[in-house]
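Just so we're clear, the structure is a prediction, and the values are computed from it rather than from any experiment.
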Amino acid sequence: MPLAILIPDQKRTMFFSLPDELLIEIAKEASWRDILTLRQTCRRLMDITKSSKVWRCLASREFRQTLWLESSSESYSAEELEVLILRRKRADHTYEIARDGDILPQRILPITAEKHHNLVCLVPGGRWLLISNKDGTISYHDINSGDCAGHELIPATTQSRLPGSISVDVDLDSPVLKFNLALFRFEYPLNSEDFIEIWQVDLVVDERGKGVGLTANNPILKCLRYQLEGHAISRAQLLNANDHHT
């Protein structure tokens, strides 16, 4: 029910006599549902709920719990933050109603399969897709772009070894997207020469502080002989990679 309906006429007059700055502070304490409800009451509250201050405050709560921002919320407009938050809420709702076995909505990406290996990894946040290629390189794809064009992120090694698995560990303390990426490289049959590479990957930002790509820093952070059973790289292997160069 809209907020204006719940307020008696006299108090409503007092409420709307408040300056915009104070109304913004009130709206900053509201949930995303309340913000959308307030927007339907009148033009003034519609303008208030479109304030960047309101959506940055909401983002600071939402992204700390369930969402990822690639860079500071200051680099996003109110409209961009609203889109990100409501997209996540729609996804949560879709998964909730699909728990009974319904088929979840699917999205087909325009990525050609000829040059790609069968190994993919979606970086937390849902924008960057990492794909291993048959030439041993790792490419990244921006799935928010129209064509999902691939760009080389990790070069091939001098040895003829394909990536066998990819693991990602995001640095939650970094103000912009940064993560360690581990690759297990192997050849058949598996042998003691197979190894793990760990790279530090950073977000490439433009002059506005918006992410436009990824870059992998050279040199490799850690290179280990593969001595574990099976083929999976544990996330624990990525922790504190910068502190254990070998």
Side-chain angles (χ1 to χ4, degrees), residues 59 63-64 66-76 84 111 115-145 148-187 193-228 230-246:
F63 285 103
R64 187 184 303 118
T66 60
L67 298 173
W68 299 76
L69 280 181
E70 291 185 341
S71 54
S72 169
S73 62
E74 298 296 323
S75 65
Y76 292 82
L84 289 173
I111 299 176
K115 63 175 291 191
H116 301 305
H117 194 41
N118 60 353
L119 190 62
V120 298
C121 177
L122 185 64
V123 178
R127 177 183 178 185
W128 305 105
L129 183 68
L130 308 179
I131 300 181
S132 68
N133 302 312
K134 293 179 179 178
D135 60 3
T137 62
I138 301 293
S139 58
Y140 71 86
H141 302 252
D142 182 358
I143 65 175
N144 288 346
S145 66
C148 292
H151 305 274
E152 182 175 306
L153 179 64
I154 306 293
T157 62
T158 55
Q159 304 96 325
S160 58
R161 285 179 169 80
L162 291 175
S165 61
I166 301 177
S167 292
V168 167
D169 177 45
V170 175
D171 183 355
L172 299 180
D173 295 324
S174 175
V176 297
L177 178 65
K178 177 186 293 186
F179 58 91
N180 285 347
L181 185 154
L183 303 174
F184 163 49
R185 292 191 182 270
F186 73 101
E187 65 179 357
E193 298 300 315
D194 299 333
F195 59 91
I196 294 173
E197 296 175 328
I198 298 184
W199 297 73
Q200 178 179 299
V201 180
D202 294 290
L203 182 72
V204 178
V205 298
D206 59 16
E207 63 280 357
R208 300 175 299 161
K210 306 298 283 294
V212 294
L214 300 176
T215 181
N217 293 338
N218 211 8
I220 295 172
L221 295 177
K222 181 166 63 174
C223 185
L224 300 175
R225 299 294 183 186
Y226 190 70
Q227 299 176 339
L228 303 177
H231 302 282
I233 299 175
S234 168
R235 182 178 181 275
Q237 293 176 264
L238 293 172
L239 301 179
N240 301 317
N242 293 318
D243 301 329
H244 300 285
H245 295 205
T246 59

So which atom in [X] and which in [Y] form the shortest heavy-atom distance, rounded to 0.1 Å?
X: Val120; Y: Leu129; result: CB-CD1, 4.3 Å
X: Thr137; Y: Ala156; result: CG2-N, 3.5 Å
X: Cys121; Y: Ile166; result: CB-CG2, 3.9 Å
X: Asn133; Y: Ser139; result: ND2-OG, 3.4 Å
X: Ile143; Y: Gly126; result: CD1-O, 2.9 Å

Identify, with sequence neighbours excluded, every residue that meets salt bridge (Lys or Arg N to Asp or Glu O under 4.0 Å) alongside Glu207.
->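 Counting only residues at least two positions away or on another chain, Glu207 forms no salt bridge (Lys or Arg N to Asp or Glu O under 4.0 Å).
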State which residues pass salt bridge (Lys or Arg N to Asp or Glu O under 4.0 Å) with Asp206; sequence neighbours excluded, sorted by chain then number.
->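 By the salt bridge (Lys or Arg N to Asp or Glu O under 4.0 Å) rule, Asp206 matches Arg208.
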Nearest 0.5 Å, what's the [atom1]-[atom2] distance between [X] and [Y]?
X: Ile154; Y: Tyr140; atom1: CD1; atom2: OH; result: 11.5 Å
X: Gln200; Y: Asp169; atom1: CD; atom2: CG; result: 11.5 Å
X: Glu152; Y: Asp135; atom1: CD; atom2: CG; result: 7.0 Å

Start with the C-alpha distance between Leu130 and Leu214, add both sets of side-chain angles, then the distance that settles side-chain contact (heavy atoms from CB on, under 4.5 Å), and finish with yes or no.
-> CA-CA 10 Å; Leu130 308 179; Leu214 300 176; 4.3 Å; yes
Would Trp128 and Leu177 count as a side-chain contact (heavy atoms from CB on, under 4.5 Å) if you check the C-alpha gap in whole Å, the side-chain angles of each, and the deciding distance to 0.1 Å?
-> CA-CA 11 Å; Trp128 305 105; Leu177 178 65; 3.8 Å; yes
Hey, is the main chain of Cys148 close enough, under 3.5 Å, to the side chain of His141 for a donor-acceptor pair?
-> yes
By side chain to side chain donor-acceptor pair (under 3.5 Å) - contacts of Asp142 (at least two apart) |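 Checked Asp142 against side chain to side chain donor-acceptor pair (under 3.5 Å); matches are Arg127.
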Test Leu153 against Leu181 for side-chain contact (heavy atoms from CB on, under 4.5 Å), laying out the working first.
-> CA-CA 11 Å; Leu153 179 64; Leu181 185 154; 4.3 Å; yes
Please assess Tyr76 against Leu84 for the test side-chain contact (heavy atoms from CB on, under 4.5 Å), listing each intermediate value before the final yes or no.
-> CA-CA 10 Å; Tyr76 292 82; Leu84 289 173; 3.8 Å; yes
